[in-house]
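In this text, all values refer to a predicted model and were calculated from it rather than measured experimentally.
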Amino acid sequence: MASSPCGNSNFDSGLEIKTRSVEQTLIPLVSQITTLINHKDKPKKSERTLAAIHRVGQAVSVAVGRFVAVGEAIAAENQELKDEMGQACFEARRAGDAIAQLTDVGSALPSQLDGRVTVFSDRTAMVKAARLLLSSVTKVLVLADRIVIKQIITSRNKVLVTLDHLERVSTFQEFVQIFSQFGNEMVEFAHLTGDRQNDLKDEKKKARMAAARAVLEKCTMMLLTASKTCLRHPDCESARINKDAVFHRMRCALEQVIEIVTEARSSGENRILPASIYNGIKEFKSGVECLRENLYSLSPQSMSSQLEALVERTEDFTDSAYTSHEQRQAILGLCQLARQDTQQLVHAWVEAQSVHAKEATKDMEVAILKTSQSVSDLRRELHKVAVGRASDLLKVHGEQLPLRALKAAGAEGNLEEVAEYSRTLTEQKEQLVETCRLLCHVSGTEPLEITCIHAEETFHVIGPQIISAAQTLALHPSSKIAKENLEVFCEAWESQLCDMALLLREINDVFEGRRGQLKSLHWLSKHLANMKTAKAVKLDAEEQTSMAKLGLELRLLSSDVDTEVEKWEDQEHEIVRQSQSLANIPPSLCVYLSLFQLVDEEKTVVMTEMEKLLALCQQLQMGAKTPVQGKAATFQKVTILHLSVFLPLFLLVSALFIRKKRTPITYFCLKSVWFGGR
């Protein structure tokens, strides 16, 4: 038999595919190669059969050629991958040529194939070529995936550098400039990590990525207001503590993203997924039921130890000060019943082994059923306790009484009441943290466990941040930026309560067998939930980037307005009053007009234009409520509504600038309005 055109190869084929994109790319190739390999040993060599095999082989060869060309281009642009990528491309091209040669039977007559090395005469050669092709193509895809990881790391590094600059700024103007850059970099990072999250095959990694991205999304606005509060009140210790906590949490979330994409092992890996009772019961029941097939699959001592470890985990429920006496007694009673049933099983098991039984005896079968039932009853009781407590807490905390009291006390400058309501909030935080820990025990899936841990960490961190923000407001009760900062942290708390309610529903769905799609940590899920009347519209990456940048710039400029208005001493000024009324109508950028000192002859012109802006803002509100369908229509609507306010505002500020009002603040306003409305 002629030698294989492919030859021998020791190319690595043990590559783990970790992303859906790589997997989906390989599926058509695997399908075509399978068609070539799984032919009959002695097929009818008709012209139709020969032509079909020839077409498939040539299609594979052409596809490999194009694929290799892309791989070689990637290698040329990334020197660190040049050697590995070049070798993988060489192997792929060689395998593609071999398959083309083996399937070059389309134009030959059946009698002409005798004596030639083809897919009919040398199936081993085809198998070798197919294996080489799959391993080399997979290698190219995995190497190309490193480029994506490199992009995420590079983006993260840019964000970290800008984050360091933001932390050290000392002037408001410098902060605005750097924060604008930071916003652009965060939008880029969000897109890269969002694509990576959707591409991951491992559901646990996907859930961890979603948790880290949720932290970054929520912390971006906290960073804005916390930093501005520090700039406005540089000597305030509570403001500094508040700001430092935000920066620390953002850095931790950025690091977690990199750990996920690079699969680095951190010291907190074991802390991320603690042993849950659900998994303990699942493993215990699996071991018990395996005894039906194999009496020697494990030892009686190991089964008893496994149960005791499981019972020990229930102490999170029984030792809790918030568990009622009746619930505690019910859990302890079920634990004791599980022990008794397990002991009966062990006794029957030892007896069966003593007589060298090959399968479970009747006594063992009864004991297996009783033991499985008792641990299932224990799980059901723990689920009822955890879910019931979470539901009760959500009802109580839905009224947000401590948050309202903290806001009121801070606005009044009452430090004693702030301290009192801070203790109340701290107690609620501890209840929520403990409840999230209990929910983690009964969640039922690893992604939901990670979501519970994320909720626990969020309550644990945001609680003290709300308190420090309230203390800052109490020290500076007339500070609008301090008030806004407290509002932002309270909104984050409320948002997490909403996420917890959604998480609770998902845990119930899993428990009752209605396992659906994980929704707890979908990016901006709380905003999508409010869009009930509008039809969902999918934007491409460029449009999403534009929308995200626009929203960030609007919020930044709107927030800056309140800071500048505080500096006005003449609160009776007509323009100030008009500006403050505009501040309540999104977008509130019109308040910038109150920054200009106007002479009498200009005042009338400004007031006239401001009345027009009031009307335009009202039109904006009405237009925003009008639903549209289609991606292009949605994007056009946003652009028109945005420019309907910004264009007149830009013209007005430009007129003031031309009239020799070229102060630094007017120039900054002109620039901000133009770039904000662009």
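Atom CE of M209 sits about 11.0 Å away from atom CD of E259, to the nearest 0.5 Å. How far CD1 of I507 is from CG of L439: 4.5 Å, rounded to the nearest 0.5 Å. Here the CZ-OG distance, from F172 to S227, works out to 11.0 Å after rounding to the nearest 0.5 Å. A distance of 11.0 Å separates CZ of F67 from CD of E72, quoted to the nearest 0.5 Å. Here the CG-CZ distance, from L163 to R168, works out to 10.0 Å after rounding to the nearest 0.5 Å. In this structure, F189 CZ and N184 CG are separated by 15.0 Å, a value rounded to the nearest 0.5 Å.
In terms of heavy-atom proximity, S443 sits nearest to L448 at O-CD1, 3.6 Å. Residue D97 comes nearest to S61 through the heavy atom pair OD1-OG, 4.5 Å, listed as atom of the first residue, atom of the second, then distance. Residues T138 and L134 share a closest heavy-atom pair of OG1-O, 2.6 Å. Across every non-hydrogen atom of V140 and G71, the tightest pair is CG1-CA, 4.3 Å. When every heavy atom of S136 is checked against every heavy atom of A92, the shortest pair comes out as OG-CA, 3.2 Å. Scanning all heavy atoms of the two residues, the minimum distance from V169 to L166 falls at CG2-O, 3.2 Å.
Counting heavy atoms from C-beta on, the side chains of I260 and L200 come closer than 4.5 Å. V64 is not listed as a side-chain neighbour of I99, based on a closest heavy-atom distance of 4.5 Å or more. Between H454 and V215, the closest side-chain pair of non-hydrogen atoms falls below 4.5 Å. Counting heavy atoms from C-beta outward, R94 and F90 have side chains that approach closer than 4.5 Å. Within the 4.5 Å cutoff, side-chain heavy atoms of M222 are placed close to those of I462. In this structure the side chain of H441 never reaches within 4.5 angstrom of the side chain of E449, judged on heavy atoms. No side-chain heavy atom of E456 sits less than 4.5 Å from a side-chain heavy atom of C440. Residues Q173 and I178 form no side-chain contact, since every pair of their non-hydrogen atoms from C-beta on lies 4.5 Å or further apart.
Listed for the N485 side chain is a donor-acceptor partner under 3.5 Å among the backbone atoms of A226. Of the possible polar contacts, one joining the T451 side chain to the P447 backbone as a donor-acceptor pair under 3.5 Å is found. A side-chain donor-acceptor contact under 3.5 Å links Q256 to the backbone of R208. Although no hydrogens or angles enter the test, the distance criterion places no donor-acceptor pair under 3.5 Å between the side chain of S180 and the main chain of V176. Here the side chain of D202 pairs a donor or acceptor atom with the backbone of K205 at under 3.5 angstrom. Using modelled atom types, no side-chain atom of S155 and backbone atom of Q151 make a donor-acceptor pair closer than 3.5 Å. Distance alone, capped at 3.5 Å, places no donor-acceptor pair between the S286 side chain and the K282 backbone. In this structure, R213 contributes its side chain and A190 its backbone to a donor-acceptor pair below 3.5 Å.
Residues E255 and R156 are paired through a salt bridge, judged by an N-O separation under 4.0 Å between the basic side chain and the carboxylate. Using a 4.0 Å cut-off between a side-chain N of Lys or Arg and a carboxylate O of Asp or Glu, R20 and E203 qualify as a salt bridge. Salt bridge present: E84 and K139 bring a charged side-chain N and a carboxylate O closer than 4.0 Å. Here D145 pairs with R196 in a salt bridge; the nearest charged N to carboxylate O distance falls below 4.0 Å. In this structure, E491 does not pair ionically with K218, as no charged nitrogen and carboxylate oxygen lie closer than 4.0 Å.
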Original post:
Are E80 and R146 close enough, and set up right, to give a salt bridge (charged side-chain N to carboxylate O under 4.0 Å, His left out), and what steps lead you there?
Top reply: CA-CA 10 Å; E80 69 274 15; R146 291 188 194 173; over 6 Å; no

**OP:** Tell me, with the steps shown, if L81 and I147 meet side chain to side chain contact (heavy atoms under 4.5 Å, CB included).
**Re:** CA-CA 9 Å; L81 299 179; I147 306 300; 3.3 Å; yes

**OP:** Mind running side chain to side chain contact (heavy atoms under 4.5 Å, CB included) on K206 and K201 for me, showing each step along the way?
**Re:** CA-CA 8 Å; K206 184 177 291 189; K201 291 177 61 181; over 6 Å; no

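Looking at T154 and N157, their side chains never bring a donor and an acceptor atom within 3.5 Å of each other. A donor-acceptor contact closer than 3.5 angstrom links the side chains of E185 and Q181.
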Taking only distance into account, with no hydrogens and no angle test, what donor-acceptor pairs under 3.5 Å do side-chain atoms of residues 243-254 form with protein atoms, sequence neighbours excluded?
residue	atom	partner	partner atom	Å
K243	NZ	E167	O	3.1
D244	OD2	R240	NH1	2.6
R249	NH2	T458	OG1	3.0
R251	NH1	E167	OE1	3.3
R251	NH2	D164	OD1	2.8
R251	NH2	E167	OE1	2.6

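For D195, the side-chain contact (heavy atoms from CB on, under 4.5 Å) test picks out no residue, with sequence neighbours left out.
Annotation for K82: atom NZ does not count as buried by contact number, only 12 or fewer foreign heavy atoms lying within 6.0 Å.
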